[in-house]
Amino acid sequence: MRTMMKSKIHRARVTQVDLDYEGSITIDTSLMEASDILPFERVEVLNVNNGARFSTYAIEGEANSGIIGINGAAARLVAKGDIVLILSYCQVPDDEAISMTPSIVRVDSQNRIIEPLPMVPQWERIQKPVASSQ
């Protein structure tokens with residue numbers, strides 16, 4: 001078994017922080033659906049602005065609201081406006097891992113979906129030799 005990246009919301013902007021909430025990350029439901037993240041699923045959050053990394057669980061925010069809210073103790077690791085990557089993982093057998101393709105969703109500065117980003121596994125990328133000029 002291998003632990004593989006299942007999905008990623010790429011460069012989302014934190015829209016709120018709430019230290020007094022019990023914990024978790026609130027994610028716009030439309031982003032959760034597009035990236036295949038379920039309510040209460042464990043996610044890793046990587047803060048591009050300060051390098052902080054933490055694990056928490058996802059909860060649904062209003063669809064199409066653009067909300068990315070960091071709640072509870074993790075709110076000390078971000079500031080409103082920070083850029084974050086939100087990742088989820090799954091465990092798959094070795095023979096399935098090699099062909100697994102994660103869901104990657106890119107968002108704009110308002111956390112609206114730009115486009116899903118198809119992933120091509122590195123081992124499938126074919127480097128064509130450059131023809132030499134003669």
Side-chain angles (χ1 to χ4, degrees):
M1 295 291 279
R2 292 185 187 239
T3 302
M4 303 293 291
M5 185 175 78
K6 179 180 69 91
S7 55
K8 175 182 180 182
I9 300 173
H10 186 70
R11 296 186 63 86
R13 188 172 305 272
V14 175
T15 60
Q16 70 181 38
V17 293
D18 185 354
L19 185 62
D20 294 323
Y21 192 86
E22 289 184 16
S24 68
I25 180 172
T26 305
I27 304 172
D28 177 324
T29 299
S30 60
L31 295 177
M32 289 178 66
E33 289 172 359
S35 60
D36 190 27
I37 295 174
L38 295 174
F40 306 106
E41 184 173 348
R42 181 182 178 167
V43 294
E44 302 282 327
V45 181
L46 291 61
N47 187 329
V48 173
N49 293 80
N50 65 19
R53 299 171 71 106
F54 56 91
S55 297
T56 189
Y57 60 94
I59 60 172
E60 294 176 292
E62 182 181 342
N64 302 309
S65 65
I67 188 169
I68 299 292
I70 311 297
N71 306 308
R76 295 197 182 275
L77 302 174
V78 299
K80 186 176 178 180
D82 280 359
I83 302 296
V84 294
L85 311 177
I86 304 166
L87 310 170
S88 71
Y89 302 90
C90 64
Q91 291 192 328
V92 295
D94 285 355
D95 61 333
E96 292 178 26
I98 195 146
S99 61
M100 185 173 172
T101 303
S103 300
I104 298 184
V105 177
R106 293 178 54 219
V107 296
D108 65 13
S109 62
Q110 304 298 308
N111 296 331
R112 293 179 299 236
I113 297 171
I114 297 171
E115 62 180 308
L117 187 64
M119 287 295 295
V120 177
Q122 184 173 0
W123 51 88
E124 289 184 10
R125 295 181 193 141
I126 299 171
Q127 299 274 337
K128 295 184 180 180
V130 177
S132 59
S133 359
Q134 303 216 13

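Small disclaimer: the values here were computed from a predicted structure and weren't measured.
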Practice task
Might you work through the side-chain hydrogen bond (donor to acceptor under 3.5 Å, both in side chains) test for D18 and N71, ending with a clear yes or no?
Solution key: CA-CA 5 Å; D18 185 354; N71 306 308; over 6 Å; no
Handout entry: Working for side-chain contact (heavy atoms from CB on, under 4.5 Å), residues E62 and T29
Key = CA-CA 6 Å; E62 182 181 342; T29 299; over 6 Å; no
Practice task
Assess whether side-chain hydrogen bond (donor to acceptor under 3.5 Å, both in side chains) is satisfied between S55 and R42, documenting all intermediate values.
Solution key: CA-CA 7 Å; S55 297; R42 181 182 178 167; 3.2 Å; yes
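In this structure, N111 contributes its side chain and I67 its backbone to no donor-acceptor pair below 3.5 Å. Remark: the backbone N or O of R112 is paired with a side-chain donor or acceptor of D108 at under 3.5 angstrom. Although no hydrogens or angles enter the test, the distance criterion places a donor-acceptor pair under 3.5 Å between the side chain of R13 and the main chain of G81. Under a 3.5 Å cut-off, the side chain of S88 and the backbone N or O of V43 do not form any donor-acceptor pair. Distance alone, capped at 3.5 Å, is enough to place a donor-acceptor pair between the D28 side chain and the S65 backbone.
For the pair P102 and M5, the tightest heavy-atom approach, listed with the atom from each and the gap, is CB-O, 3.4 Å. Between S103 and A34, the shortest heavy-atom distance links the atoms CB-O, 4.2 Å. Taking every heavy atom of both residues into account, N49 and N47 meet most closely at N-OD1, 2.8 Å. Scanning all heavy atoms of the two residues, the minimum distance from H10 to I104 falls at CB-CG2, 4.5 Å. Considering every non-hydrogen atom in both A58 and I37, the closest pair reads CB-CG2, 3.8 Å.
Among the candidates T56, V105, I68, the single residue satisfying the side-chain contact (heavy atoms from CB on, under 4.5 Å) test with I86 is I68.
Following chains of ILVMFWY side-chain contacts shorter than 4.5 Å, one can reach L77 starting from V17, so the two form part of one hydrophobic cluster. Linking Ile, Leu, Val, Met, Phe, Trp and Tyr whenever their side-chain heavy atoms come within less than 4.5 Å puts I113 and I9 in one cluster. L46 and I83 fall within a single hydrophobic cluster, where Ile, Leu, Val, Met, Phe, Trp and Tyr side chains are chained together by heavy-atom contacts under 4.5 Å. When the side chains of ILVMFWY residues are joined at heavy-atom separations under 4.5 Å, either directly or via intervening members, F54 and V14 end up in a single hydrophobic cluster.
For the pair E60/M32, a side-chain contact is recorded, criterion being any heavy-atom separation below 4.5 Å from C-beta on. At a threshold of 4.5 Å between non-hydrogen side-chain atoms, the residues V45 and L85 do not count as touching. In this structure, the side chains of V84 and V48 stay at 4.5 Å or more apart for every pair of heavy atoms. Residues R106 and K8 are not in side-chain contact: their nearest non-hydrogen atoms beyond the backbone lie 4.5 Å or more apart. Contact annotation: the side chain of M4 never approaches that of Q91 to less than 4.5 Å [non-hydrogen atoms, C-beta and beyond]. Annotation: side chain of E44 is in contact with side chain of Y89 (closest heavy-atom distance under 4.5 Å).
Take A73 and apply the side chain to side chain contact (heavy atoms under 4.5 Å, CB included) test, not counting sequence neighbours, and it matches no residue. The side chain to side chain contact (heavy atoms under 4.5 Å, CB included) search around E96 returns V92, P93, not counting sequence neighbours. For Y57, the side chain to side chain contact (heavy atoms under 4.5 Å, CB included) partners at least two apart in sequence or on another chain are S24, F40, I59.
With rounding to the nearest 0.5 Å, the separation of OG in S109 from CZ in R11 is 11.0 Å. Distance check, rounded to the nearest 0.5 Å: OG of S7 to CG of D36 gives 6.0 Å.
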